Amino acid sequence: MLSFASDYVEGAHPAILQRFIETNLVKQPGYGSDEYTASAKEKIKAACGCPEADVWLLTGGTQTNQIVIDSLLCSYEGVVSAVTGHIAAHEAGAIEFTGHKVLTVPQYAGKMRAADLSAYLAAYHADETAEHIVRPGAVYISHPTEYGTLYTKDELKALRVVCDEYDIPLFLDGARLGYGLAAPDTDVTLHDLCELCDVFYIGGTKVGALCGEAVVFSRRKAPKHFLSIIKQHGALVAKGRLLGIQFDTLFTDDLYMRISRHAIEMAELMRSVFREKGYEFFMETTTNQIFITLTDERKAELEKECVLSFWEKPDAEHTVVRFATSWATREEDVLALRDLL
């Protein structure tokens, strides 16, 4: 059975598993104070060109979004997101669970426009009853977005200008960041993210790790006592080496970007297959996520031999589905999909 349901259906890159075996009996202190975590942090800072950054390792995307946003906001503040943003659409109210409202603005191909953000913030501050309304205290975006689209450097700069005008932090969810950085048409780099975002994270769970996300506080230092905040959320891993070893491996010999580029190459091959077979693209993307509109009948036929992801229903007879490649996608599997199509 073929499976293109997501980019975390496989385990971990073999180099990571080998490092686990090699270091298994080495005794190390806990809670992220081990030598592997220290090494990983330094390698991530070097890759970002930001030696003054604060780097923290967490286990998963929802957990990371919740902890970072909670640490950025006062009790009376909410976070601004595109209506299709992951925290607004697919996290089961995880942000609201911490007591912070997700405040939504329109989306354009999954992205937030600086003009919409500016209008939203201006309207709040012009409201004479603003003290009775949830105050926008941070801005959340993701790169790639829920639809696999990417921000340009100019779009990020425009959002940065608005955030600076209102003195609120810009947080970028990078759960699939590797695939965004490796996309052929992007002009955004890790160095740019350090310059333009207050905090972002480098996704590992979807890019070669068993689990893990590397949070980078760049323009501003991490909130005070961030380790205690992590622990309050039940997210402080005693065996911090679990995360340290993975990111230390991913950021050795450019492994993170090499495996990300492989996923993009496989996605390009898959797109050529869909075009060859005459399938309709719901949205054009250049990352590892491909969205195809199928008749419900054709979807049911494909699902007999291929696992894919439901995305949305544009009408009563059609379904948008997602095909995703990953660091582990094999060319022969993509070619098998061509035969199936």
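Only a predicted model underlies this, so the values are computations on that prediction, with no experimental measurement involved.
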So does [Y] get a backbone contact from the side chain of [X], meaning a donor-acceptor N/O pair under 3.5 Å?
X: E42; Y: A38; value: no
X: S81; Y: V102; value: no
X: R258; Y: D253; value: yes
X: H13; Y: Y256; value: no
X: K111; Y: L150; value: yes
X: K221; Y: E52; value: yes
X: D116; Y: V105; value: no
X: T205; Y: G212; value: yes
X: N288; Y: S326; value: no
X: Y124; Y: A130; value: yes

**Q.** Pair V26-R241, side-chain contact (heavy atoms from CB on, under 4.5 Å): steps then yes or no
**A.** CA-CA 10 Å; V26 178; R241 63 196 289 162; 4.2 Å; yes
Heavy-atom neighbours of [X] [atom1] exceed 12 at 6.0 Å:
X: F310; atom1: CZ; answer: yes
X: E317; atom1: CD; answer: no
X: E131; atom1: CD; answer: no
X: H125; atom1: NE2; answer: yes
X: E297; atom1: CD; answer: no
X: F281; atom1: CZ; answer: yes
X: K313; atom1: NZ; answer: yes

Q) Pairs in or reaching into residues 144-154: which pass salt bridge (Lys or Arg N to Asp or Glu O under 4.0 Å), with residues at least two apart or in two chains? A)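 Every salt bridge (Lys or Arg N to Asp or Glu O under 4.0 Å) pair that includes a residue of residues 144-154, provided the two are not neighbours, is K153-D192.
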Side-chain touch [X]/[Y], heavy atoms, less than 4.5 angstrom:
X: I67; Y: I230; answer: yes
X: F4; Y: V307; answer: no
X: L73; Y: V79; answer: yes
X: P314; Y: V320; answer: yes
X: V188; Y: L196; answer: no
X: Y151; Y: L172; answer: no
X: F282; Y: R322; answer: no
X: Q289; Y: Y179; answer: no

Q: Going by the salt bridge (charged side-chain N to carboxylate O under 4.0 Å, His left out) test, name the single residue among E268, E280, E284 that passes it with R275.
A: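 Passing option: E284.
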What's the separation between atom [atom1] in [X] and atom [atom2] in [Y], rounded to the nearest 0.5 Å?
X: L308; Y: F323; atom1: CG; atom2: CZ; value: 4.5 Å
X: Q18; Y: I245; atom1: CD; atom2: CD1; value: 11.5 Å
X: I95; Y: I69; atom1: CD1; atom2: CD1; value: 4.0 Å
X: H318; Y: T293; atom1: NE2; atom2: OG1; value: 7.5 Å
X: R113; Y: E155; atom1: CZ; atom2: CD; value: 9.5 Å
X: E35; Y: D248; atom1: CD; atom2: CG; value: 9.0 Å

(Q) Under a 3.5 Å cutoff, is there a donor and acceptor pairing between the side chains of R338 and S272? (A)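 Per modelled atom types, R338 and S272 side chains form no pair under 3.5 Å.
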(Q) When you compare the side chains of T319 and D296, does any donor N or O come within less than 3.5 Å of an acceptor on the partner? (A)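 T319 vs D296: donor-acceptor pair found between side chains.
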Q: Starting from the C-alpha separation in whole Å, work towards a yes-or-no answer on side-chain contact (heavy atoms from CB on, under 4.5 Å) for L156 and L193.
A: CA-CA 9 Å; L156 291 178; L193 296 184; 3.9 Å; yes
On a heavy-atom basis, which atom in [X] and which in [Y] lie closest, and how many Å separate them?
X: V68; Y: S71; value: O-OG, 2.7 Å
X: A53; Y: V216; value: CB-CG1, 3.9 Å
X: Q66; Y: H233; value: OE1-ND1, 3.2 Å
X: C211; Y: T59; value: CB-O, 3.6 Å
X: T287; Y: P144; value: CG2-CG, 3.9 Å
X: C163; Y: V139; value: SG-CG2, 3.8 Å

Q) What do the steps show when you test T84 against T145 for side-chain contact (heavy atoms from CB on, under 4.5 Å), and what is the final call? A) CA-CA 9 Å; T84 52; T145 69; over 6 Å; no
Q: Start with the C-alpha distance between V207 and E213, add both sets of side-chain angles, then the distance that settles side-chain contact (heavy atoms from CB on, under 4.5 Å), and finish with yes or no.
A: CA-CA 10 Å; V207 194; E213 325 297 324; over 6 Å; no
Classify the angle between the aromatic ring planes of [X] and [Y] as parallel (below 30°), tilted (30 to 60°) or perpendicular (above 60°).
X: F171; Y: Y140; result: perpendicular
X: H86; Y: H90; result: tilted
X: F217; Y: F226; result: perpendicular

Could you state whether [X] and [Y] fall into the same hydrophobic cluster, counting links through intermediate Ile, Leu, Val, Met, Phe, Trp or Tyr residues with side-chain heavy atoms under 4.5 angstrom apart?
X: M270; Y: I259; result: no
X: L177; Y: L159; result: yes
X: W311; Y: L294; result: no
X: V273; Y: L302; result: yes
X: F247; Y: M257; result: yes

Q: For residues F274 and Y279, establish whether the separation of their ring centroids is below 6.0 Å.
A: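 When the ring centroids of F274 and Y279 are compared, they turn out to be within the sub-6.0 Å range.
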Q.
Would you say the rings of F200 and H143 are close, in the sense that their centroids are separated by under 6.0 Å?
A.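 No, ring centres 6.0 Å or more apart.
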Q. Taking the six-membered ring of W327, is NZ or CZ of K206 closer than 6.0 Å to its centre and within 45° of its axis?
A.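 So K206 doesn't make the cation-pi contact.
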Q. Are K277 and D339 close enough for a salt bridge, meaning some N to O gap below 4.0 Å?
A.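 The answer is no: the pair does not qualify as a salt bridge.
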(Q) Suppose the criterion is side-chain hydrogen bond (donor to acceptor under 3.5 Å, both in side chains): which pairs have a residue in residues 93-103, not counting sequence neighbours? (A)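 Every side-chain hydrogen bond (donor to acceptor under 3.5 Å, both in side chains) pair that includes a residue of residues 93-103, provided the two are not neighbours, is D70-H100.
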